[in-house]
Number of protein chains: 2
Amino acid sequence: MGPTVRKPGVPCCERAMDRPAKRATSADVARVAGVSRTTVSFVLNDKPGQTIPAETRRRVLEAARSLAYQPHSSARALAAGRSDIVLLSLPAMPIGAGISRFIEELATALAEHGLTLVTHLSGAQVRPLPAVCASVNASAVIGFEPFDADTARALHGAGAVFVFPFRTADADPMRSVGRLQAAYLIGRGHRRIGYAMPLSRGLRAMAEDRLDGAAEACAEAGIDAPVVASTDLEAATAARAVSEWTARSVTGVCAFNDETAIAVLAGMRTHGLAAPADLAVVGMDDIPTARLTVPPLTTFAFALADLSRRQAKAIVAGLAGGVPSAPLAAIAPRLVERASA
Amino acid sequence: MGPTVRKPGVPCCERAMDRPAKRATSADVARVAGVSRTTVSFVLNDKPGQTIPAETRRRVLEAARSLAYQPHSSARALAAGRSDIVLLSLPAMPIGAGISRFIEELATALAEHGLTLVTHLSGAQVRPLPAVCASVNASAVIGFEPFDADTARALHGAGAVFVFPFRTADADPMRSVGRLQAAYLIGRGHRRIGYAMPLSRGLRAMAEDRLDGAAEACAEAGIDAPVVASTDLEAATAARAVSEWTARSVTGVCAFNDETAIAVLAGMRTHGLAAPADLAVVGMDDIPTARLTVPPLTTFAFALADLSRRQAKAIVAGLAGGVPSAPLAAIAPRLVERASA
DNA sequence: CTGAAAGCGCTAACAC
DNA sequence: GTGTTAGCGCTTTCAG
């Protein structure tokens with residue numbers, strides 16, 4: 001391939017500077033500003049209840065800037081007894097634009113309160129969450145999936161002050177997606193519902209919850225529980241699932257998520273079936289490519305935008321010793337109606 | 001929706017225990033084991049060159065376990081002058097199964113060396129990387145995208161010892177994807193290549209690099225530079241791009257990534273065109289749904305698996321003061337041949 | 001209003 | 001081999 005011309009100024013694989021460039025400490029700032037470290041600490045954190053002369057303030061700020069002073073987070077955490085880190089644990093599932101956006105907004109909202117969000121992709125092999133939490137010294141950890149009792153205990157033990165799974169006592173977002181999907185289908189006159197489970201083990205627990213929700217909706221409508229069939233993201237496998245459904249006269253299927261739904265669509269294609277006439281399918285997530293299928297996928301999506309604000313608020317309140325706000329429970333997916341159901 | 005039955009033992013929105021459950025310190029362990037803190041530190045980190053009696057070791061370990069001792073990471077980082085945190089900066093793009101897997105493996109490889117990986121989704125609004133780096137006190141930061149000089153400098157200033165963008169001096173993986181895509185098409189006899197750019201601003205820089213690679217391949221083959229058309233993930237927009245290509249007698253198009261490729265396929269459909277006969281399209285990433293399109297998408301994918309091992313190795317070496325290993329450069333996407341080109 | 005002093009929990013020279 | 005002793009950089013009472 002040969003050496004290519006590099007854009008100037010773009011370092012590639014850089015080592016530390018020869019002399020590790022000792023970071024300026026708060027003592028340095030104090031010296032330059034001609035005040036004590038205490039004063040520096042006060043103005044930099046603008047401690048309430050302190051009345052520092054404007055001139056002194058200015059000098060300190062000026063000194064800090066000129067030295068490119070960056071408080072040492074570990075030292076601060078050690079002294080203050082708490083870090084400004086919030087850890088977000090993400091399940092092993094594709095992170096689409098929706099979730100990215102949620103994360104971005106959550107990070108922004110948290111940043112406004114001086115908190116830093118980092119994420120940890122949980123996975124089978126990876127370090128357990130409590131260990132990561134301890135490593136980064138997180139003050140709070142947020143989970144997309146509920147934590148089991150052991151994990152929660154360990155998290156507390158590792159110093160995490162609060163734990164905020166999305167699932168709350170009042171409502172289970174996972175359940176509600178299944179519920180909403182099934183209810184939508186039932187509302188369109190379907191009396192025999194199918195459920196497309198992912199074959200992937202990692203998604204199992206979440207899928208089971210969603211299925212439960214769908215089953216609840218069926219029960220309430222007085223129809224049979226969903227006919228469950230599993231599939232991976234392979235047309236052939238999905239085709240088999242489709243056979244099961246048609247054989248049992250299912251007319252509408254809730255897919256675990258959009259990817260699964262797209263697989264179902266592909267499976268239908270190999271049978272020469274078309275949605276929604278032959279079989280209606282509804283997905284979940286509204287992934288970017290959901291509108292590019294034939295027919296465009298009817299799906300649901302979490303309104304992640306305001307969720308992020310609420311989560312941020314709850315965490316800040318929690319860290320401040322308050323009680324997490326109740327509205328956290330009121331998270332429901334919204335319908336994105338297209339043409340597949 | 002009504003109250004639903006909760007699985008027992010699954011906490012929902014948990015506050016810290018009433019009494020914050022003072023974590024055991026190394027002094028506690030020392031007391032219980034009847035030794036000094038130094039000894040505790042030695043056995044717990046099993047410091048090389050120390051020869052501690054097996055019996056003492058056992059007592060210390062036992063005491064640590066019984067107290068559920070967890071070293072305080074901030075204190076450790078402060079004293080040792082370096083944390084065990086590696087920060088991975090991810091661009092604002094969908095994280096598919098491939099990247100997830102890469103991250104998981106990277107985390108595992110790093111964990112084997114006592115390092116903890118956390119990730120940060122970079123985005124427009126979000127806190128700048130150096131700030132996050134400082135907050136978590138990362139020892140190293142890895143980027144999927146290259147860092148500009150300012151960022152790199154700031155990163156060092158924030159205490160990050162090493163910076164390892166994937167792009168190296170010898171080879172540019174981004175460029176090479178464009179190159180490979182175009183070369184593949186050229187190899188199949190196409191003499192007039194199109195390039196599908198994403199409309200999304202965030203992807204722009206990456207896309208430009210890939211396009212450069214494609215242009216290089218064209219130049220080397222002695223054919224015209226790619227005909228560039230932009231599209232978002234909407235069939236109508238993509239259809240317009242397709243018109244541009246067909247109007248300029250393009251017969252094969254390289255798409256920025258699979259999602260863009262799928263959009264192109266959708267755009268072709270609205271024109272009644274079929275791949276690869278009317279227009280060949282090749283994607284990049286091998287996203288899960290790439291095999292579910294009609295026709296299944298021919299695409300490329302990074303062999304992330306061994307990349308992760310090499311990155312981990314390089315980082316460990318770098319942290320130990322060594323020189324990052326050269327083979328980092330040799331990262332090339334592999335072809336996933338299906339039917340769209 | 002500002003400074004002195006005491007740690008936060010841990011590591012690492014250096015003695016014993 | 002193990003304990004003693006300094007700090008790491010910062011926050012935070014408590015005097016001045």
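Every chain is numbered from 1 and lettered A, B, ... according to where its sequence line falls, protein lines coming before strand lines.
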Visitor: Within this structure, what is the CG-to-P distance between A/D28 and D/dC10, rounded to whole angstrom?
Guide: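 Computing the A/D28:CG to D/dC10:P distance gives 9 Å.
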Visitor: Is there a side-chain hydrogen bond (donor to acceptor under 3.5 Å, both in side chains) between A/S73 and B/S135? Walk through the geometry before answering.
Guide: CA-CA 6 Å; A/S73 59; B/S135 269; over 6 Å; no
Visitor: Just compare D/dG3, C/dG7, C/dC10 and give me whichever is closest to any side-chain atom of B/Y69.
Guide: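 Looking only at side-chain atoms, B/Y69 lies closest to C/dC10.
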Visitor: Start with the C-alpha distance between A/H72 and B/N137, add both sets of side-chain angles, then the distance that settles side-chain hydrogen bond (donor to acceptor under 3.5 Å, both in side chains), and finish with yes or no.
Guide: CA-CA 8 Å; A/H72 186 115; B/N137 206 326; 3.1 Å; yes
Visitor: Within less than 4.0 Å of OP1 or OP2 of D/dG1, is there a side-chain N or O belonging to B/T56?
Guide: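 Result: no.
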Visitor: Categorize A/S41 for me: base, sugar-phosphate, or nothing, with a 4.0 angstrom heavy-atom threshold over every strand shown.
Guide: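 Since a base atom lies under 4.0 Å of A/S41, the category is base.
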Visitor: Between D/dG3, D/dT11, D/dA6, which nucleotide gets closest to the side-chain atoms of B/R37?
Guide: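 Nearest to the side chain of B/R37 among the choices is D/dA6.
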Visitor: Looking at every strand, decide which applies to A/T39 at a 4.0 Å heavy-atom threshold: base, sugar-phosphate, or nothing.
Guide: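 Sugar-phosphate, no base atom in range.
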Visitor: Are any of the side-chain nitrogens in A/E62 or A/R59 under 4.0 Å away from the carboxylate oxygens of its partner?
Guide: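 A/R59 and A/E62: not salt-bridged.
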Visitor: Tell me: CZ of B/R76 to C1' of C/dA12, nearest whole Å?
Guide: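 From B/R76 CZ to C/dA12 C1': 13 Å.
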Visitor: Okay, side chain of A/T108, backbone of A/E104: is any donor-acceptor separation there less than 3.5 Å?
Guide: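 Answer holds: yes.
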Visitor: Looking at five pairs on each end of the helix from C/dC1-D/dG16 to C/dC16-D/dG1, what is the angle between the two axes, given to 10 degrees?
Guide: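 End axes: 40° apart.
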Visitor: Would you kindly check whether a donor in the side chain of B/T38 faces an acceptor in the base of C/dA12, or vice versa, at under 3.5 angstrom?
Guide: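 By the distance-only test, yes, there is a pair.
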Visitor: Verify, without hydrogens or angle tests, whether A/R23 (side chain) and B/A158 (backbone) share a donor-acceptor contact under 3.5 angstrom.
Guide: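 Flag set: sc A/R23 to bb B/A158 pair under 3.5 Å.
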Visitor: Measuring to OP1 and OP2 of D/dG9, would you say a side-chain N or O of A/S74 lies under 4.0 angstrom away?
Guide: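 Checking D/dG9 against A/S74, no side-chain N or O comes under 4.0 Å of OP1 or OP2.
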Visitor: Tell me yes or no: between the side chains of A/T39 and A/S36, is some donor less than 3.5 Å from an acceptor?
Guide: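 Result is yes, a qualifying pair exists.
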Visitor: Using a cut-off of less than 4.0 Å, is there contact between a side-chain N or O of A/T25 and OP1 or OP2 of D/dG9?
Guide: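 Checking A/T25 against D/dG9: no side-chain N or O falls below 4.0 Å of OP1 or OP2.
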